[in-house]
Amino acid sequence: IKTMTTRQQPLIIGGDMRADTPGHCAKFGTYSFLELNINKIISTQLLQSNEIGNSNAMEKQGFIRCLEDLQQYDLRPHTVITDRHLQIAKYIREEQNDIVHHYDVWHLAKGLERKLLPLSNKHPELRPWLKSIIGHLYWAPASTPSDLDEDSKQNIVLAKWMSLTNHVVNRHSHDNEYYPSCIHEESPLDTKWLHEDDIGYKKLKEITLNTRFLKDVKKLSTDHQTSSIESFHSLILQFSPKMKTFSYKGMLCRQLLAALHYNENSDQEFILDGDDDPKLYATFPKKKHKEGTYSIRTKKLIPRIFIELLQEVLHTIFVLNYVFCD
Ligand SMILES: [Zn+2]
């Protein structure tokens, strides 16, 4: 918070909720704000379903509480990036309309993939295109300059996305001033172009040019994405294992500890070897082990906060002779 108040740069916030899966006794939800320029959790709220209701209502309430939390430090987001949660979109549009609202491309791509997979099972000619279509959804905003004004950005992203239905039938000029023609080089000769009369192609058009979907595409974020919040959410699980049940306070403490851990690690330094290169080690994940594969990871320093916590605990026990429990 201190960094944010002294930085005086527009706050770019990623917001998302993690709903607890069964295993925890009470149904909790965690809504968090991640400042995407500095990659720090700046607000995290714990919500209970019996206090608020279904997970849809919890998500909106979580968003409002994070916003109120920032307000007490006179901080206000310039841009917020979320998934396509309807209630939050409506709330920002109607009650916080000075905040720019964008959608995270990963969430939109996941939803699109869920629709295209069954379609490609029915119409196998679409299969070779699936990966490229999803890739195109990522490319449209990522290749658009983020310093343009909001309207131009939206028009260019939309035009790029809509060019897809021309491209797959081997048409590369588009009746659109914002993206008049494809910018790729010539396609390989063996490209399996679709045909305009194919039923699969017509269905593909229905999905990719659906009015609501196009509205969402326009709102895609061109530079920041919220995938780091997923890392924070999995970190909370490490502090509050699903097998155990926790009280509200117990859960809240674990969530805050996870936030401290995340912030401490988000710009964490690597342990260097003699040549000043990051030290590497191999891991053998069980799932991949059968195939004899392994992953290479970099060795990181233990976060300072945990060294300080451990020192405090040891000092309390051995110097102050404090007995924590019997
Ligand atoms: Zn093309």
Side-chain angles (χ1 to χ4, degrees), residues 12 14 36 79 81-84 86 89 100-228 230:
I12 312 291
L36 296 164
T79 301
I81 300 157
T82 66
D83 59 10
R84 298 148 79 204
L86 285 180
V100 180
H101 186 204
H102 284 155
Y103 290 141
D104 179 78
V105 67
W106 182 81
H107 287 99
L108 206 67
K110 215 170 67 170
L112 179 65
E113 202 174 9
R114 230 180 277 135
K115 285 185 181 160
L116 292 184
L117 270 174
L119 184 68
S120 69
N121 287 336
K122 265 194 192 165
H123 305 280
E125 72 272 20
L126 297 178
R127 255 180 235 155
W129 286 99
L130 277 194
K131 232 177 140 187
S132 317
I133 293 173
I134 300 296
H136 188 69
L137 186 63
Y138 277 89
W139 174 81
S143 59
T144 303
S146 48
D147 53 357
L148 297 174
D149 65 88
E150 211 45 46
D151 280 349
S152 312
K153 263 197 288 194
Q154 291 192 357
N155 289 329
I156 295 173
V157 173
L158 190 65
K160 283 176 175 171
W161 170 249
M162 290 173 74
S163 72
L164 167 97
T165 48
N166 282 336
H167 174 87
V168 293
V169 290
N170 201 11
R171 248 195 341 247
H172 308 281
S173 21
H174 320 293
D175 190 18
N176 193 317
E177 58 175 307
Y178 296 101
Y179 190 64
S181 58
C182 292
I183 54 164
H184 56 76
E185 291 168 5
E186 227 159 86
S187 305
L189 284 175
D190 58 353
T191 306
K192 292 188 172 64
W193 301 111
L194 301 176
H195 302 283
E196 289 198 54
D197 298 332
D198 292 347
I199 298 180
Y201 172 71
K202 286 179 183 162
K203 298 258 179 207
L204 175 74
K205 262 177 101 172
E206 275 172 28
I207 293 177
T208 55
L209 300 183
N210 168 284
T211 318
R212 161 135 196 248
F213 189 73
L214 293 185
K215 252 185 170 178
D216 294 343
V217 168
K218 269 175 112 171
K219 285 180 82 169
L220 284 178
S221 166
T222 51
D223 40 7
H224 296 281
Q225 306 302 336
T226 64
S227 55
S228 306
E230 305 289 326

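First listed ligand is number 1; within each ligand, the first listed atom is number 1.
- A salt bridge is absent between E196 and K205: the closest approach of a Lys/Arg side-chain nitrogen to an acidic carboxylate oxygen does not fall below 4.0 angstrom.
- At a threshold of 4.0 Å, the pair K110-E113 does not count as salt-bridged, since none of the basic side-chain nitrogens sits closer than that to a carboxylate oxygen.
- Checked by atom type, the side-chain pair H172/E186 shows no donor-acceptor distance below 3.5 Å.
- Residues L194 and N170 form no side-chain contact, since every pair of their non-hydrogen atoms from C-beta on lies 4.5 Å or further apart.
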Could you walk me through whether Y103 and I81 pass the side chain to side chain contact (heavy atoms under 4.5 Å, CB included) test, one step at a time? CA-CA 5 Å; Y103 290 141; I81 300 157; over 6 Å; no
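- The environment of CG in D149 is crowded: more than 12 heavy-atom neighbours from other residues, nucleotides or ligands sit within 6.0 Å.
- Residue-and-atom listing of protein N/O/S atoms under 2.8 Å from the Zn ion (ligand 1), sorted by chain and number: H167 ND1, H172 ND1, C182 SG, H184 NE2.
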